[in-house]
There are 2 protein chains.
Amino acid sequence: MDKYYPTIEESFLFNEIDKKSIDHLLKCLGAELKNYDKDEYLFLTGDKINNIGIVVEGIVEIIKESLAGDRHIIAFLEASDMFAEGIVSTINKISPVTARVQANSKVLWIPYDKIIRACGNVCDFHLILIQNMITILGEKNVILNKKIELLTLKGMRAKIAKHLLNESYDKGKQTFQIVLNRLELADYLNVSRTSMCRELSRMKEDGVIDYYGKSFKILKEEELIKCLD
Amino acid sequence: MDKYYPTIEESFLFNEIDKKSIDHLLKCLGAELKNYDKDEYLFLTGDKINNIGIVVEGIVEIIKESLAGDRHIIAFLEASDMFAEGIVSTINKISPVTARVQANSKVLWIPYDKIIRACGNVCDFHLILIQNMITILGEKNVILNKKIELLTLKGMRAKIAKHLLNESYDKGKQTFQIVLNRLELADYLNVSRTSMCRELSRMKEDGVIDYYGKSFKILKEEELIKCLD
DNA sequence: AATAAATTGTAGCCATGGCTACATCTTTTA
DNA sequence: TAAAAGATGTAGCCATGGCTACAATTTATT
C-alpha cells in the first residue's frame with residue numbers, strides 16, 4: 001500500500017497533515033484498499049454509503065440515472081480524486097448516483113464514522129482531518145452556487161459573459177486559456193453548441209472579446225459586465 | 001440570554017445535544033448575543049467572516065449584489081435560522097453576499113474556530129457539534145444539487161413536471177399543497193410566470209395534472225416522468 | 001359590504017435560441 | 001501522406017417561451 005501514499009497524500013483531505021503520519025492515520029481510520037475489475041460497480045443509486053472513496057489507480061465514473069431511465073455520466077474521477085463525501089455527510093446517506101470503474105482500478109475506502117469521531121487516543125491529526133472535511137464541503141458549496149448563478153442568468157450572452165469573467169478573475173488576467181472544448185462548454189452553460197458559437201461570433205464582431213480556439217481575451221470588460229443584467 | 005434558549009435549541013447545529021448542556025456549551029464556544037437596529041448591516045460582500053450566525057429575534061436579509069450593480073434579496077431568515085455557515089467553512093472565508101437586519105433583531109454569533117477545534121477539556125458535545133456542522137453542509141449540498149438538476153432541464157414542461165414530482169415524493173402523496181405562489185414558483189424554476197401559467201393550463205388540459213390554487217394533484221405520474229427526457 | 005390591492009389566467013406578438021445540415025479546419029490513425 | 005474522425009463555425013427554419021396587456025378571481029383593508 002505504501003507505494004500509493006504519494007497519490008493519497010494529494011487529496012485535500014490530508015491537507016496540512018504531516019506526510020510521515022499518514023501511515024499511522026490511515027490505520028487509525030481503518031482505511032481499506034480494494035481492487036476492482038473493469039466495469040465493476042462500486043455502488044448503485046439508492047445504496048446506503050458509509051465510506052468516503054479516494055481513487056488510487058484507474059478511472060471511476062459517476063453516473064446519474066434519470067427517472068425517465070436514461071444514463072448520464074456526470075464525472076470522470078482519476079487518481080487522488082475523492083468521491084462520496086457529499087453522500088456520507090447527509091442525514092440518510094442514500095446515494096443519488098451510481099459509481100463504476102471504467103478500467104481496472106484501486107480505491108481507498110475510509111469509514112466516515114472514523115473520520116468525524118475522534119478516536120480514543122485523540123490524535124491531533126484527527127481534528128485537522130475534520131476541519132479539512134468541512135472545508136471540502138464548504139468549497140463544494142461555493143462551486144455549486146457559482147453554477148446556479150450561471151444557470152439562472154437569462155440570455156446566451158449573459159451566460160457566456162459571466163463564465164468568461166469568472167475565468168478571467170480566477171486566472172487574474174484578461175487573456176487566458178479555457179479547459180473545456182465548445183461542446184463541453186455549451187453543456188456546462190446548458191445551451192446548444194451551435195447557438196453558443198453563433199453568439200461567440202457576434203461578441204467577437206462587436207469587439208467585446210477575441211478568441212482563437214481555447215485562447216480567449218476580454219477586450220471590453222465593462223461591456224461584458226453590462227451583459228449580466 | 002436564557003430566555004432565547006428555546007429558539008437557539010431549534011437550530012440543527014444543536015441536534016442531539018442535551019438541552020441542559022446548551023448553556024455550558026455556548027459559554028465554551030464563546031458565543032455572543034448582539035443587538036441590531038433596523039437596517040443595520042451584519043456584514044458586507046467581500047468581508048472576511050469568522051463567525052456563524054443564528055437569528056434569535058427579528059429578520060435578517062441576505063442580499064446578493066450583481067457585478068452589474070443591482071441588488072437582489074436571496075433569503076429572509078427568521079428566528080432560529082442559521083447563516084454564514086457556508087462562508088466560514090471555505091478556505092478564504094470571503095462573503096459573496098451582504099447581510100442586513102430588516103427590523104430590530106438579535107443575532108447569536110459563534111466563532112467558527114471554536115466549533116471545529118475541540119476545546120481543551122474536550123466535551124462530548126463538541127464532537128456532536130462538529131458532526132452536525134458537517135451534516136448541515138452535506139444537506140445544503142443536496143438542496144443545491146436538486147436545484148441544479150431542475151435548472152438544467154430543457155423545456156417548461158420538464159421543469160414543472162420535475163418539481164411537482166419532487167414535491168409529491170417529499171410529501172408521499174399524489175395530492176399536495178405547494179408553498180410558493182405562482183410568481184415565486186416561476187422564479188424558482190427560472191421561467192416567466194405567464195409562460196409557466198400557460199404550460200400549467202396545457203398540462204391540466206392534457207389530463208396529466210389537476211390543480212386549484214396551491215393544491216395540486218398528479219393524475220398520470222408515468223406521463224410526467226416521460227416529460228423529463 | 002365595498003373598495004383596493006394582489007394574485008392568477010389568457011391571448012397575441014415576436015425575439016431568442018434549438019435543431020438540421022453542411023462547410024471548414026484540426027487532429028488522429030493507418 | 002492519405003484518409004478518417006473529430007472539433008468548430010455558419011446559415012436557415014421554426015418552436016419555445018418571454019413580454020405586454022388585460023380579464024378574472026382571490027385576498028386584504030377600510
Side-chain angles (χ1 to χ4, degrees), chain A residues 68 70 72-73 76 150-164 167 176-217 219 223-224 226-229, chain B residues 68 70 72-73 76 150-164 167 176-217 219 223-224 226-229:
Chain A
D70 47 47
H72 179 59
I73 295 173
F76 275 99
L150 249 186
L151 291 173
T152 305
L153 288 171
K154 310 274 190 190
M156 179 70 73
R157 189 170 288 215
K159 287 184 183 180
I160 295 172
K162 178 73 180 174
H163 182 67
L164 293 179
E167 292 280 298
F176 52 89
Q177 299 272 123
I178 62 170
V179 181
L180 306 177
N181 66 30
R182 294 292 184 270
L183 191 58
E184 292 165 333
L185 182 58
D187 218 60
Y188 180 72
L189 301 181
N190 197 40
V191 296
S192 77
R193 182 190 63 80
T194 51
S195 298
M196 185 188 72
C197 282
R198 173 170 51 196
E199 192 60 33
L200 280 171
S201 299
R202 285 179 189 154
M203 292 169 82
K204 188 195 273 190
E205 203 174 273
D206 294 352
V208 292
I209 60 168
D210 195 18
Y211 61 89
Y212 178 77
K214 295 185 173 181
S215 302
F216 281 78
K217 181 168 188 175
L219 299 174
E223 286 288 321
L224 275 188
K226 277 188 203 153
C227 298
L228 305 183
D229 301 309
Chain B
D70 47 48
H72 180 60
I73 295 173
F76 275 99
L150 248 186
L151 291 173
T152 306
L153 288 170
K154 310 273 191 190
M156 179 69 74
R157 188 170 290 215
K159 287 185 184 182
I160 295 172
K162 178 72 179 173
H163 182 66
L164 292 180
E167 292 280 298
F176 52 89
Q177 298 273 125
I178 62 170
V179 181
L180 306 177
N181 66 31
R182 295 292 184 272
L183 190 58
E184 292 164 333
L185 181 58
D187 218 61
Y188 181 71
L189 301 180
N190 199 38
V191 295
S192 78
R193 182 190 62 82
T194 51
S195 299
M196 185 189 73
C197 282
R198 173 169 54 197
E199 191 60 33
L200 280 171
S201 299
R202 286 178 189 152
M203 292 170 84
K204 188 195 274 190
E205 202 175 273
D206 293 352
V208 291
I209 61 169
D210 194 18
Y211 61 88
Y212 179 77
K214 295 185 174 182
S215 303
F216 281 78
K217 180 168 190 174
L219 298 175
E223 286 289 323
L224 275 188
K226 277 187 203 154
C227 298
L228 305 183
D229 301 309

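Sequence lines set the chain letters: A, B, ... in the order given, protein chains first and strands last, and positions in each chain run from 1.
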Enquirer: Sequence neighbours left out, what passes ring pair (Phe, Tyr, Trp, His ring centres under 6.0 Å) with A:F176? Give chain and number order.
Expert: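 So A:F176 forms no ring pair (Phe, Tyr, Trp, His ring centres under 6.0 Å) with any residue.
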Enquirer: So which pairs with a foot in residues 177-190 of chain A pass side-chain hydrogen bond (donor to acceptor under 3.5 Å, both in side chains), sequence neighbours left out?
Expert: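 Only A:Q177-A:S215, A:N190-B:K154 qualify under side-chain hydrogen bond (donor to acceptor under 3.5 Å, both in side chains).
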Enquirer: Looking at five pairs on each end of the helix from C:dA1-D:dT30 to C:dA30-D:dT1, what is the angle between the two axes, given to 10 degrees?
Expert: 50°
Enquirer: Scan residues 204-215 of chain A for pairs that pass salt bridge (charged side-chain N to carboxylate O under 4.0 Å, His left out), counting only residues two or more places apart or in two chains.
Expert: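 Residue pairs passing salt bridge (charged side-chain N to carboxylate O under 4.0 Å, His left out), neighbours aside: A:R157-A:D206.
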Enquirer: Just jot down the salt bridge (Lys or Arg N to Asp or Glu O under 4.0 Å) partners of A:E223, sequence neighbours excluded, or say none.
Expert: A:K226
Enquirer: So, using side-chain hydrogen bond (donor to acceptor under 3.5 Å, both in side chains) as the criterion, who are the partners of A:S201 when residues are at least two apart?
Expert: none
Enquirer: Suppose we screen for side-chain hydrogen bond (donor to acceptor under 3.5 Å, both in side chains). Which residues come up paired with A:R193, at least two apart in sequence or across chains?
Expert: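 Once residues adjacent in sequence are excluded, A:R193 has no partner under the side-chain hydrogen bond (donor to acceptor under 3.5 Å, both in side chains) criterion.
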Enquirer: Among all residues two or more places apart in sequence or in another chain, which pass the side-chain hydrogen bond (donor to acceptor under 3.5 Å, both in side chains) test with B:E167?
Expert: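 So B:E167 forms a side-chain hydrogen bond (donor to acceptor under 3.5 Å, both in side chains) with B:K171.
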Enquirer: State which residues pass side-chain contact (heavy atoms from CB on, under 4.5 Å) with A:T194; sequence neighbours excluded, sorted by chain then number.
Expert: A:S192
Enquirer: With the criterion being N/O to N/O and under 3.5 Å, what pairs connect the protein with nucleotides 6-8 of chain D, and how long is each?
Expert:
residue	atom	partner	partner atom	Å
D:dT8	OP2	A:R182	N	2.9

Enquirer: Let me spell it out: for each of A:Y212 and A:S192, pick the nucleotide of DNA chain C with the closest heavy atom. Which residue's pick is nearer the 5' end?
Expert: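 In this pair, the answer is A:S192.
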Enquirer: Nearest 0.5 Å, what's the NE2-CD1 distance between B:H163 and B:I160?
Expert: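 So the gap between those two atoms works out to 10.0 Å.
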Enquirer: Can you pull the contact range of chain B along DNA chain C, 5' to 3', using atoms under 4.0 angstrom from its heavy atoms?
Expert: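 So the contact region on DNA chain C extends C:dT8 to C:dG12.
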Enquirer: Atom CE of A:M196 and atom P of D:dG9: how far apart are they, to the nearest Å?
Expert: 8 Å
Enquirer: Restricting to salt bridge (Lys or Arg N to Asp or Glu O under 4.0 Å), what partner residues turn up for B:R202, sequence neighbours left out?
Expert: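 Expected list: B:E199.
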